[in-house]
Amino acid sequence: MRLFPRALCNAGRAAWRESFPLGGRDPARWFPGHMAKGLKKMQSSLKLVDCIIEVHDARIPLSGRNPLFQETLGLKPHLLVLNKMDLADLREQKKILQHLEGEGLKNVIFTNCVKDENIRQIIPTVTELIESSYRYHRGEVCERPLVFLLDTPGVLAPRIESVEMGLKLALCGTVLDHLVGEETMADYLLYTLNRHQLFGYVQHYGLDGACDNVESVLKRVALKLGKTQKVKVLTGTGNVNVMQPNYTAAAGHFLRAFRSGLLGPVMLDRDVLACCMDP
């Protein structure tokens, strides 16, 4: 479906929310406790490796990275792989790389595992980093030793700096949706899309125009997708079954559409990047 010019024009002129209400939310409850155990196990495994490959979501290249890797930057070769590049808006890729380099991280590869983009660059880069490291010559056992990959489970940072960072991590699927709340996440996603004037959701769901009210958007999405539920309403003549929009189901569909790229490429760290570049 095409988005009518008038809808686009009105969307561009609309006054979107400048902030998202973050009060009353505790991101510490969103992240499972077993991750602390996994973090300790990962830390002990680092003693056995010559190079660290950190895999992170390209939609949040600056947010939520585990400080464990940053602490080891000066100790061992480190490669940052920013995956899902096909889902990220990388128009400011140069600024992202400049910021990461300012943090001491010079080896960064953007990848798309689904289409095998840039995947073949990883092993040669790792090999080069290991060979250029002082640890490579510690044994002088073999001229070209074998390279083994030691995998670890995905582990988030033990402490999340802010609720907003936690919401970004949740949008990228790092925790179960119900721990944060599907409707809360859908509201933050809607806020982000509108603020950055990314109105792909209007086209995707065939809506009349962009809107900043999540209840209104989810209602229209639910009705369009037929996601309704029977609710008993008490009246003067007894209980009456009324069909109402299933907001939770609509929110879940909205989130899945974002995660699969159906709403267009998105950079969730645009605000962080703008702050970093301000003089």
Side-chain angles (χ1 to χ4, degrees), residues 1-25 57-60 63 84-93 163-173 177-178 180-231 233 242-275:
M1 174 182 175
R2 292 187 178 181
L3 190 61
F4 293 106
R6 180 173 296 178
L8 276 174
C9 184
N10 291 340
R13 289 200 303 262
W16 308 113
R17 288 175 285 177
E18 291 297 326
S19 61
F20 187 82
L22 302 172
R25 297 182 174 92
D57 197 304
R59 293 167 293 183
I60 47 172
S63 291
K84 301 184 179 179
M85 60 180 288
D86 54 312
L87 304 180
D89 180 356
L90 296 178
R91 286 177 292 178
E92 295 185 299
Q93 181 175 339
V163 176
E164 189 159 18
M165 181 184 291
L167 286 168
K168 290 180 182 180
L169 289 166
L171 281 180
C172 292
D177 291 346
H178 73 270
V180 182
E182 290 90 340
E183 292 174 49
T184 296
M185 293 168 60
D187 192 17
Y188 181 73
L189 175 59
L190 181 66
Y191 156 76
T192 301
L193 295 175
N194 286 336
R195 191 180 178 196
H196 296 156
Q197 297 192 13
L198 301 173
F199 306 117
Y201 70 92
V202 178
Q203 271 186 301
H204 180 68
Y205 288 109
L207 306 180
D208 296 332
C211 177
D212 214 20
N213 184 293
V214 70
E215 183 177 353
S216 177
V217 170
L218 293 182
K219 180 179 180 180
R220 285 184 280 175
V221 169
L223 294 176
K224 188 169 186 67
L225 299 175
K227 294 186 179 295
T228 56
Q229 57 186 350
K230 286 184 179 180
V231 178
V233 177
V242 178
M243 296 300 294
Q244 288 189 353
N246 189 330
Y247 291 100
T248 301
H253 196 281
F254 190 41
L255 294 172
R256 289 191 295 274
F258 158 72
R259 289 168 179 162
S260 59
L262 296 176
L263 307 184
V266 178
M267 173 53 63
L268 294 174
D269 269 349
R270 280 180 62 178
D271 53 341
V272 180
L273 192 60
C275 292

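Here, residue 1 is the first one in the sequence, and each next residue gets the next number.
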- Query: For L198, which residues count as a side-chain contact (heavy atoms from CB on, under 4.5 Å) partner, sequence neighbours excluded?
  - Reply: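 side-chain contact (heavy atoms from CB on, under 4.5 Å) check on L198 returns L193, H196, V266.
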Where do [X] and [Y] come nearest, in terms of heavy atoms and distance?
X    : Y    : value
R59  : R259 : NH1-CA, 3.8 Å
D177 : A170 : OD1-O, 4.4 Å
S63  : K168 : OG-NZ, 3.9 Å
A210 : F199 : CB-CD2, 3.6 Å
L268 : D271 : O-OD1, 3.4 Å

- Message: Measuring only between side-chain heavy atoms, which start at C-beta, is K227 closer than 4.5 Å to H253?
- Response: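 Counting from C-beta outward, K227 and H253 do come under 4.5 Å.
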- Passing option when V202 is tested against L263, L207, D208 for side chain to side chain contact (heavy atoms under 4.5 Å, CB included):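 The residue from L263, L207, D208 that satisfies side chain to side chain contact (heavy atoms under 4.5 Å, CB included) with V202 turns out to be L207.
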Separation of [Y] [atom2] from [X] [atom1] (nearest 0.5 Å):
X    : Y    : atom1 : atom2 : result
S260 : L255 : OG    : CG    : 10.5 Å
L189 : F20  : CG    : CZ    : 10.0 Å
K84  : I60  : NZ    : CD1   : 9.5 Å
L22  : M165 : CG    : CE    : 12.5 Å
L190 : R17  : CG    : CZ    : 6.0 Å
Y188 : E164 : OH    : CD    : 3.5 Å

- Show your working on side chain to side chain contact (heavy atoms under 4.5 Å, CB included) between D57 and L87 and close with a plain yes or no. CA-CA 9 Å; D57 197 304; L87 304 180; over 6 Å; no
- Message: Between D187 and V214 (side chain of the first, backbone of the second, donor and acceptor by atom type, cut-off under 3.5 Å), is there such a pair?
- Response: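 Side chain of D187 to backbone of V214, a donor-acceptor pair under 3.5 Å: no, none is there.
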- Look at the side chain of N194 and the backbone N and O of C211, then say whether any donor-acceptor pair between them is shorter than 3.5 Å.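 Yes.
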- Message: Check for me whether the distance between the ring centres of H204 and F258 falls short of 6.0 Å.
- Response: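 When the ring centroids of H204 and F258 are compared, they turn out to be at least 6.0 Å apart.
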Do any side-chain atoms of residues 242-249 form donor-acceptor pairs under 3.5 angstrom with protein atoms, and if so which ones, sequence neighbours left out?
unit_1: N246; atom_1: OD1; unit_2: T248; atom_2: N; d: 3.4
unit_1: N246; atom_1: OD1; unit_2: A249; atom_2: N; d: 3.0
unit_1: T248; atom_1: OG1; unit_2: E183; atom_2: OE2; d: 3.1

- Under 6.0 Å from the CD atom of Q229, do we count more than 12 heavy atoms belonging to anything else shown?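 It does: Q229 CD has more than 12 such atoms within range.
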